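Presented below is the structure to which this report refers.
To find a chain, count down the sequence lines: A is the first, B the second, and so on, and within it residues start at 1. Source: prediction; values computed, not measured.
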There are 2 protein chains.
Amino acid sequence: MAQSKSFAAVRIPCELCPLRARETFRDFDSTELGFVSSFKIAELLLEPGTTIIDEGQRHPQLYTALAGWGFRYKILEDGRRQVLNYVLPGDLIGLQGNLMSEMLHSVEALTKMTLCVFERERLTALFQNHPSLAYDLTWIASREESILDEHLLSVGRRTALERAAYLLAFLDHRAQATGVFPEEGPKVLPLTQQHVADTLGLSLVHTNKTLRRLSDAGVVRWLDRGSEVLERGKLFDIAGWQPSVEGMRPFI
Amino acid sequence: MAQSKSFAAVRIPCELCPLRARETFRDFDSTELGFVSSFKIAELLLEPGTTIIDEGQRHPQLYTALAGWGFRYKILEDGRRQVLNYVLPGDLIGLQGNLMSEMLHSVEALTKMTLCVFERERLTALFQNHPSLAYDLTWIASREESILDEHLLSVGRRTALERAAYLLAFLDHRAQATGVFPEEGPKVLPLTQQHVADTLGLSLVHTNKTLRRLSDAGVVRWLDRGSEVLERGKLFDIAGWQPSVEGMRPFI
DNA sequence: CGAGTGGTTGAAACGTGTCAATCCTAGTGG
DNA sequence: CCACTAGGATTGACACGTTTCAACCACTCG
């Protein structure tokens, strides 16, 4: 497992942030922009498999994902792992560490990632001087919460097939909305079946068989280490789920 | 199902808030107290079974539980229900989801409850003028998040017995910490087995058999419509879980 | 070329769900 | 005071979904 974190030679200034250009994300006014610009202390480039945050450790930094995929998870003592959610561009990493001294979950990069690095300490200044950003932070936290609600509903009450369909629909939709997919070429969700299993609360073998049913129905295609959604509508039908229409969302 | 919400004849002023007296909760300074006092527009007294928030509806109010037990849940179209978390005194109700649009989950009273009522609109003023309270809000949201993380781990990866043990340990611990238990008499968690089942993601029958195993082991006792934890330590052992030590927590 | 990771498959064991009764208790109205 | 009722808890039998075990294949990388 690659543990190397390298600081980028070139650091994208927030003024030129590629995310901000996308219509999904709300704009900053110049004051906010100034603060966030100074809030950002570095940029991290990560290889797939890198651990970003380790459960049980103190972690003085916060991150915003700029590019790439990651995932949050927890493990039990005997190694059973539960994936809690996925990290996409615009997502804040490590917010809940602020209260408890130690992090209560881990985060790992799924693909190459770029992260903006912030100093946790400076959150106080953010709350003091930038109410609108403070509001955004709360907004972000409560959005993550509602995603977890839906996941919990899924793992607790949906069947294996529904769960799988929901997960792929959910990820495909989020990926689309945040614009992680390449302009050209297949829009692939970069997960192994082990990740899917650990997200759905199923065994690897059963996950494989469930995904196969989706493949056979022509709804998705499984690639080398990832999958591609072919029939969005059918997935929604199977899952019994629709993405809720979101307007612009904030990000720090 | 009783749907009546009645406004209290007597309204406890925030200055005399009984929760604030407890050592679990952090104190307000006088400015904060003044704001919260004006933020609170009413007090609600609810009968068991009352729906507080309805999924899919806009809900212009926020609440803080002052007394009693409630629970948050989601349901699928065919009626399958998943309990997401329980509401205890000091908990904020209605923060999750898009801060200003439709609710993505429902909330129901489990016992008689008392709620403080706030106007969602005035959140803006809170963020503008009271950074410390804004910070608290984020703290609260991200705490709920870490609880959901643990629940998701539980439902996804723990066995039925571990899950049941975890849930009872978790609730017993929270109840103890917030002081909902009566000073005298048995400390009972006011859930039916149906609630437990819907929290654990299990069927009612299997939940019954699982709880019976815990009863037979003498770890808990099941009462009429609730349970009592007898051996905290053993419960932790079975669950493979320990409550993380929290300092004082904020509440609005 | 061998090793490692990820995916695939079948069979058997096991945990959970479903169905269908029964019991218990608190609350209701005659 | 006694049916009567309704919600909650309990139980056994059986069906079904999921896990586990144990292979094997395909592909990439050093």
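Each of A:Asp224 and B:Thr210 was assigned the nucleotide of DNA chain C with the nearest heavy atom; the assignment lying further toward the 5' end belongs to A:Asp224. Checking A:Leu204 against B:Leu204, the closest nucleotide of DNA chain C that is more toward the 5' end is the one next to A:Leu204.
A salt bridge is absent between A:Asp216 and A:Lys209; no separation between the charged side-chain nitrogens and carboxylate oxygens falls under 4.0 Å. Taking the charged nitrogens against the carboxylate oxygens, B:Arg80 and A:Glu162 do have a contact shorter than 4.0 Å, which makes a salt bridge.
In this structure, A:Arg174 forms no cation-pi arrangement with A:Tyr86, as its terminal cationic atom is not both closer than 6.0 Å to the ring centre and no more than 45° off the ring axis.
Between A:Asn208 and C:dT8 there is a side-chain N or O to OP1 or OP2 distance below 4.0 Å. Contact between the side-chain N/O atoms of B:Arg212 and the OP1/OP2 oxygens of D:dT11 is found at a separation under 4.0 Å. Contact between the side-chain N/O atoms of A:Arg225 and the OP1/OP2 oxygens of D:dC27 is not found at any separation under 4.0 Å. Note on B:Gln194: every side-chain N or O is 4.0 Å or more away from OP1 and OP2 of D:dA9.
Note: CD (B:Gln193) to C1' (C:dG17) measures 16 Å, nearest angstrom. Rounded to whole Å, atom P of C:dT8 lies 10 Å from atom CG of A:Leu223. In this structure, CD of B:Glu162 is placed 13 Å from C1' of C:dG15, rounded to the nearest angstrom. Whole-Å rounding puts the B:Arg158 CZ to D:dT19 P distance at 17 Å. Between the P atom of D:dT10 and the CG atom of B:Asp216 lies a distance of 10 Å, rounded to the nearest Å. In this structure, the CH2 atom of A:Trp222 is 18 Å from the P atom of C:dT5, given to the nearest Å. If you take NE2 of B:His206 and P of D:dC14, they are 19 Å apart, rounded to a whole angstrom.
Checked against A:Leu191 for a side-chain contact (heavy atoms from CB on, under 4.5 Å), the options A:Val196, A:Thr111, A:Asp198 give a single hit: A:Val196.
If you check every strand for non-hydrogen atoms under 4.0 Å, B:Leu202 touches sugar and phosphate atoms only. Using a 4.0 Å heavy-atom cutoff across all strands shown, A:Thr192 reaches sugar-phosphate atoms only and no base atom.
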Derivation of the side-chain hydrogen bond (donor to acceptor under 3.5 Å, both in side chains) call for B:Ser203 and B:His206: CA-CA 5 Å; B:Ser203 73; B:His206 196 63; 5.6 Å; no

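Under 3.5 Å, the side chain of A:Lys209 and the base of C:dG10 form at least one donor-acceptor pair of N or O atoms.
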